[in-house]
Protein chains: 2
Amino acid sequence: MVHYQARLDATFAALSDVTRRGVLEQLGGSDASITDLAQRFRMTLTGMKKHVSILEQAGLVTTEKVGRVRTCKLGLRRLEEEAAWIEQHRQLWNARFDALDKLVEQLKRKEKADAQRKSR
Amino acid sequence: MVHYQARLDATFAALSDVTRRGVLEQLGGSDASITDLAQRFRMTLTGMKKHVSILEQAGLVTTEKVGRVRTCKLGLRRLEEEAAWIEQHRQLWNARFDALDKLVEQLKRKEKADAQRKSR
DNA sequence: TTTACAGTGAACCAAATGGTTCACTATCAA
DNA sequence: TTGATAGTGAACCATTTGGTTCACTGTAAA
């Protein structure tokens, strides 16, 4: 899986731009041409074309040109790998913080015991 | 929520680098100093410091300097928002593809009906 | 057959990224 | 006190990024 890391790179990079997340949002509602998208995001055709290409590269969008208009749709990749990566690390996070919680609990108990010992 | 988009930007960008994902992975196992991390990823201290700063900026890592060593740990942000964003869009994806599936089913049925009509 | 429209590609630009080296500070250890 | 160690910040560098303009192709419409 040499490509796994490269794919994560490309996808997270694609998602790290607010315009591109907006495009995905839009395409979730309905397909759109480059012109549609360029208008909605106040950008030149050329600029939007680049964004769409990046999303396409990451597999998040597919496009097809018929006549002179290129129609963009959501792609076949459904972010499974990215969801899995994030979920895995959320679990790591939680495990570590649970351990921390336990430690804090222990300290609290010890503190209480000390206080009681002192009051005797 | 003006900051919401900026936070997503920062987090996805932080995650889009293979070294930084590696650092998170490492910190999931145990805390580490800048020197530890720089060695493991064959990089100068200065270089690693920058990566750590980016992760810290995104809230994914926290650090504390005691004496001359800065110890890095997993931060308090647990990728909830990012997980939510991805999950929401996975649902959009699935909804659209389910609709597509239904359409295909319809076409298949129609085809079958046509074939039967023809054979009569 | 013009004319308008949708997209494309090359060239350019400023800013951000991912890295380095070098000079410096602060701390720990002998 | 004198080294060695850990990190920091500034400066630099090449590449990438996010955008533009401009010239062009192909298609649709009048």
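Within every chain, numbering begins at 1; the chains are lettered A, B, ... in the order of the sequence lines, protein sequences first and strands thereafter.
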For A:Ala83 and B:Arg90, which heavy atoms make the closest approach, and how far apart are they?
CB-CD, 3.9 Å
Tell me the interatomic distance from A:Gln39, atom CD, to C:dA6, atom C1', rounded to whole angstroms.
11 Å
Applying a 4.0 Å non-hydrogen cut-off, can you work out what B:Gly67 is touching in the nucleic acid: base, sugar-phosphate, or nothing?
sugar-phosphate
Would a 4.5 Å heavy-atom cut-off, applied to side chains only, mark B:Asp17 and B:His51 as touching?
yes
Separation of C:dG7 atom P from A:Met48 atom CE, nearest Å, is 11 Å
Rounding to an integer number of Å, can you tell me how far B:Gln57 CD sits from C:dT17 P?
11 Å
My understanding is that only residues two or more places apart in sequence, or in another chain, count here; which of them pass side chain to side chain donor-acceptor pair (under 3.5 Å) with B:Glu56?
B:Thr63
Taking the side chain of B:Thr44 as its heavy atoms from C-beta onward, which of C:dT20, D:dG19, C:dG19 lies nearest to it?
C:dT20
Nucleotide by nucleotide, 5' to 3', does protein get under 4.0 Å of the base (B), only the sugar-phosphate (S), or neither (-) in nucleotides 1-8 of chain D, counting heavy atoms?
---BBSBB
Between A:Val66 and A:Asp17, which has a closest nucleotide on DNA chain D that is more 5'?
A:Asp17
d(CG, A:Leu55; P, D:dG18) in whole Å:
11 Å
Grab the CD-P distance between A:Glu64 and C:dG7 for me, whole Å please.
13 Å
For B:Arg20, which of B:Leu15, B:Leu60, B:Ile54 qualifies under side chain to side chain contact (heavy atoms under 4.5 Å, CB included)?
B:Ile54
Let me know the distance between CG of A:Asp9 and P of D:dT16, rounded to the nearest Å.
13 Å
Does the B:Trp93 side chain pair with the main chain of A:Gly75, one donor and one acceptor, at a distance under 3.5 Å?
yes
Ionic contact status for A:Glu64 with A:Arg70, cut-off 4.0 Å:
no
From NZ of B:Lys50 over to P of C:dT21, roughly how many Å is that when rounded to an integer?
12 Å
Please give, in whole Å, the distance from C:dT20 P to B:Phe41 CZ?
14 Å
Just say parallel, tilted or perpendicular for the rings of B:His89 and B:Trp85, cut-offs at 30° and 60°.
parallel
